[in-house]
Amino acid sequence: MRIVGLTGGIASGKSTVSNLLKANDVPVVDADLVSRDVLKKGTGGWKKVVAAFGEDILLPNGEVDRAKLGQIVFSDSAKRQLLNRLLAPYISSGIFLEILKLWIKGCKLRRLMARDRTSEEDARNRINAQMPLDIKRNKADIVIDNTGSLDDLNEQFRKVLFEVTRPLTWTEFWLSRQGAVSALVSVIVGVLVCRKVL
């Protein structure tokens with residue numbers, strides 16, 4: 001199974017590309033949905049975040065007020081780093097489990113995507129908190145330029161879809177197994193460390 005990560009800046013078209021993948025029967029794992037699950041009331045992630053940020057971030061029903069938490073962490077880099085450290089093991093484990101489910105089902109592809117709709121100020125804070133697009137572009141194997149028309153995007157997408165759905169070469173196959181084992185070990189270590197901290 002080929003695993004592909006989809007990333008980009010806020011409002012760069014990740015959701016559009018993700019929807020194109022779904023429309024072409026490509027399974028998609030949404031990292032934002034996983035991050036929502038790890039913050040559900042009573043979970044380990046919820047307990048850590050409430051302990052660190054206080055009960056002021058809770059809604060009357062006890063769930064985390066994600067908008068309020070977002071305002072706090074996207075305006076303060078130290079608090080954002082703290083939140084990332086607290087939730088990273090839970091999010092990694094959740095993503096790994098979703099990938100494992102797809103692998104067991106025999107799916108050929110998985111995408112990670114995230115998208116939030118926020119106020120202009122929150123959007124600016126989130127944009128400023130992200131890795132610069134030039135760095136993402138330099139690290140990427142494939143770049144989709146979404147500055148043109150929808151037809152241009154569809155043409156680029158057809159080329160990308162061919163590339164990411166083609167069968168793995170033997171080298172890619174062995175690297176993917178090795179990569180999967182490395183990811184499994186990382187997740188197990190993360191979970192064990194997280195449990196010790198509790």
- Item | Atom pair CG/CG of Leu21 and Leu161 - distance to nearest 0.5 Å | 7.0 Å

- Note on the structure: In short, Val17 meets Phe157 closest at the heavy-atom pair O-CE1, 4.1 Å

- Query: Short question: side chain of Asn84, backbone of Gln81 - any donor-acceptor pair under 3.5 Å?
  - Reply: no

- Heavy atoms only: give me the nearest Lys22-Val28 pair and the separation to one decimal. CG-CG2, 3.6 Å

- Query: Looking at OG of Ser77 and CG of Leu82, how far apart are the two atoms once the value is rounded to the nearest 0.5 Å?
  - Reply: 11.5 Å

- Spacing of CG belonging to Leu150 relative to CD belonging to Glu155, to within rounding of 0.5 Å: 12.0 Å

- Message: Is there a side-chain contact between Phe53 and Leu86 in this structure, where contact means two heavy atoms from C-beta onward sitting under 4.5 Å apart?
- Response: yes

- Query: So which heavy atom on Ser75 is nearest to which on Ile72, and how close?
  - Reply: OG-O, 3.2 Å

- Query: Looking only at heavy atoms, what is the nearest atom pair of Asp30 and Asp32, with distance?
  - Reply: OD1-N, 2.8 Å

- Note on the structure: Taken to the nearest 0.5 Å, the spacing of Leu39 CG from Trp46 CH2 works out to 10.5 Å

- Distance col, row Leu97:CG vs Asp37:CG, nearest 0.5 angstrom, shows 11.0 Å

- Query: How far does CG of Asp65 sit from CD1 of Ile57, to the nearest 0.5 angstrom?
  - Reply: 8.5 Å

- Message: How close do Lys41 and Glu63 get, counting heavy atoms only, and between which atoms?
- Response: N-OE1, 3.0 Å

- Task: Heavy atoms only: give me the nearest Tyr90-Lys48 pair and the separation to one decimal.
- Result: OH-CE, 3.6 Å

- Message: Can a donor-acceptor pair be found, under 3.5 Å and without considering hydrogens, that links the side chain of Lys68 to the backbone of Asp56?
- Response: yes

